Amino acid sequence: MVLPGNKGLNGGNNMDELRYQIDLLKAMNQQLSGRDKMYRLVCDTSNNAFLYIVFEKNDVITLGKWDEYFSFRIKENRELPLILDELEEKYILPVREVLFLEKTGRERDVVECCMKNGKTWLEFEVRMNYDEQNVPIDKIICIRDITKFKAQNDELRYMAYYDSLTGLYNRNYFVMRLGEFIRRAEEEHRIVSVMFIDIDDFRKINDGMGLLVGDEVVQQYGQFLGSFSDDNVIVCHMTSDIYCMAIYDPCGNRSVEHIHKCILERIHQGFLLSNGMEIRLTVSIGVAEYPESSKQALELINCAEIVMFKAKAIGKASIQYFDAVILHDFLETVEIENKLKEAIFNKNFCLHFQPQYYTNTKRLRGVEALIRWKDEDNKMISPSVFIPIAEKNGAIIPIGSWVMEESIRHYAEWKRKYGYPLIMSINISSIQYKRKDFVGKLLEIIQKYDVEPGEIELEITESILIEDFEEVKDKLLTLRDYGVKISLDDFGTGFSSLSYLNGLPIDTLKIDKSFVDRVITDESTKIITESIVSMVSKLGYETVAEGVETEEQFDYMKQIGCDIIQGYLLGRPVPADDIEQMLIGLL
Ligand code: C2E
Ligand code: CA
Ligand code: CA
């Protein structure tokens with residue numbers, strides 16, 4: 001390459017000039033082949049195969065690891081389709097388009113494809129150069145092996161979409177796919193059902209047999225539920241022992257009823273664990289539907305979860321369908337639960353006391369302490385609403401302790417001031433009663449306020465007796481030893497068997513308001529109430545009629561021999577000050 005007009009270093013001298021030009025050319029040639037070598041080196045060490053095609057000369061150079069990729073060489077542009085023969089059918093067309101990129105006039109394109117062996121993945125990257133008239137000058141095709149990268153990608157995708165324990169979809173992917181179902185259902189006016197499935201008593205397996213067994217149960221259930229998945233059914237493992245299914249246009253074999261039936265059949269067969277054990281764990285299922293329950297994926301799952309809790313609450317092993325009443329109850333419960341926490345913290349409770357009178361003499365026998373809660377908005381929330389909620393979430397423990405101390409404190413004060421002997425009746429929840437430290441705490445309070453144990457009466461309900469009769473009885477005997485009175489509340493609403501009463505150390509039996517309500521109007525209630533009172537009296541217990549509202553009811557209860565009367569007729573539950581006024585009047 002002679003640079004025109006270059007006079008060289010020596011100027012004028014033609015021979016020198018020529019020598020100089022020759023040297024320069026040599027040097028440049030050397031430099032060129034050096035650069036060529038460098039390119040080759042780069043290509044060889046890059047692990048890729050390259051094809052360099054110069055159109056004018058129809059010159060094709062293969063570089064890099066070409067031989068590791070292909071068993072043939074390419075000598076001209078026309079032979080490029082040889083590469084296509086090595087590929088899986090479905091990739092031929094897109095790869096052809098990229099290999100002959102000059103036909104599109106574009107400068108660069110990349111395409112991925114799989115080779116015929118189904119294992120090796122290649123990426124073709126093509127770069128084109130055109131001249132000023134847009135005529136192709138040359139092109140370079142770079143071929144890379146991306147098999148490893150693909151595998152890593154697949155693994156990442158797997159991790160992002162699947163749950164490793166069960167191989168089912170994970171929660172995130174499920175929510176995404178459910179969203180797709182909903183969008184499709186919106187367009188096609190179809191229904192999408194969501195089944196929220198929770199294994200019953202799974203904790204017992206985990207706690208009793210260990211996490212590994214728990215994992216196996218989750219896996220086996222997952223495998224079984226996964227068998228329902230197809231284009232219209234997505235199954236996911238939400239967490240722990242919870243699965244979710246989304247069903248597009250549920251009908252026939254993919255109707256909720258059919259799937260539920262299959263689940264029941266499978267449970268009946270039992271799951272055989274690797275330790276040889278066979279288990280038949282049941283499930284509780286909540287079902288919600290697009291568009292009725294909600295139009296949003298997450299909300300739909302929530303709705304199904306809410307009704308699943310309902311299924312658990314009514315005794316597990318069942319299926320519940322979402323409806324507005326359930327949602328309303330649930331939201332109310334959540335609201336009360338939240339407010340309850342604050343109320344316990346701020347001590348927003350107070351006690352009212354309802355008097356009880358001896359039927360014959362109409363003398364004041366004592367009072368029943370009844371809790372009252374005014375929430376932040378000064379709204380009165382009934383104990384029949386919040387006590388069951390407090391029992392479920394454990395709040396009954398601090399509430400119950402507070403009631404015990406507050407009622408005994410009041411009684412001690414009245415006794416000190418007015419000296420009138422009373423019986424303070426305190427409602428005790430079964431949750432509270434079951435606590436190991438229950439008796440100790442009660443005795444501590446009795447001692448602290450210096451009242452007689454015989455002046456304290458605990459109102460318990462039959463539900464206490466259901467679980468561990470002997471343990472309950474032992475506790476009752478201990479309480480009796482200390483002289484604390486026991487009253488069986490709401491008698492007639494539970495399983496009400498008079499036979500077990502015989503062996504129980506109780507003092508009083510409260511006939512439920514529902515009997516008193518009907519005792520005048522309903523003949524069979526009359527007969528039952530009469531026989532209860534007479535038998536209970538024979539057993540040596542006192543009877544209390546609660547909820548007496550009319551003179552007629554009072555007279556009737558008196559006539560059949562009921563000892564004590566409590567009810568609006570003789571006195572509503574009132575604040576402590578009103579009881580004090582009542583006691584002052586008795587002085
Ligand atoms: P309960 O123990 O059966 O209490 C009697 C309920 O009947 C009280 O309702 C009382 O106000 C109401 N009552 C009494 N006489 C009449 C009447 O003549 N007519 C009518 N219509 N009602 C009458 P309250 O205070 O709303 O309590 C409801 C339930 O909440 C109680 O039923 C009890 O199970 C529970 N509870 C109340 N206070 C406590 C407490 O301190 N601890 C626990 N564990 N439960 C409590
Ligand atoms: Ca009561
Ligand atoms: Ca009662």
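Atoms within each ligand, like the ligands themselves, are counted from 1 in listed order. Remember, predicted model here, so these are calculated numbers, not experimental data.
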- request: Quick one: look up the protein heavy atom nearest atom 42 (N) of ligand 1 and list residue, atom name and how far away it is.
  value: Asn427 O, 3.4 Å
task: Provide the atom name of the closest N, O or S atom of Glu459 relative to the Ca ion (ligand 2).
output: OE1
- prompt: Which bit of Glu368 is near ligand 1, meaning a heavy atom under 4.0 Å away: side chain, backbone, both or neither?
  reply: side chain
- prompt: Does ligand 1 have a heavy atom under 4.0 Å from the side chain of Lys513, from its backbone, from both, or from neither?
  reply: side chain
task: Of all N, O or S atoms in Glu546, identify the one at the shortest distance from the Ca ion (ligand 3).
output: OE2
query: Can an N, O or S atom be found in Glu368 less than 3.0 Å away from the Ca ion (ligand 2)?
result: yes
query: Which residue and non-hydrogen atom of the protein lie closest to atom 19 (N) of ligand 1, and at what distance in Å?
result: Glu549 OE2, 2.5 Å
Proximal candidate to atom 2 (O) of ligand 1 [heavy atom criterion; set Ile428, Ile426, Asp489, Val385]: Asp489
query: At what distance is the nearest protein heavy atom to atom 38 (N) of ligand 1, and which residue and atom is it?
result: Ile371 N, 3.1 Å
field: Atom name in Asp490, limited to N/O/S, at shortest distance from the Ca ion (ligand 3)
entry: OD1
task: Look at the N, O or S atoms of Asn427, main chain and side chain alike, and state whether any lies under 3.0 Å from the Ca ion (ligand 2).
output: yes
message: Below 4.0 Å, non-hydrogen atoms only: which portion of Glu546 touches ligand 1? Side chain, backbone, both or neither.
response: side chain
- prompt: Which bit of Gln354 is near ligand 1, meaning a heavy atom under 4.0 Å away: side chain, backbone, both or neither?
  reply: side chain
- request: Just give me the atom name: the N, O or S atom of Asp489 closest to the Ca ion (ligand 2).
  value: OD2
Protein heavy atom at shortest distance from atom 13 (N) of ligand 1: Tyr568 CE2, 3.8 Å
- line: When distances are taken from atom 10 (C) of ligand 1, the protein heavy atom at minimum range is Leu370 CD1, 3.8 Å
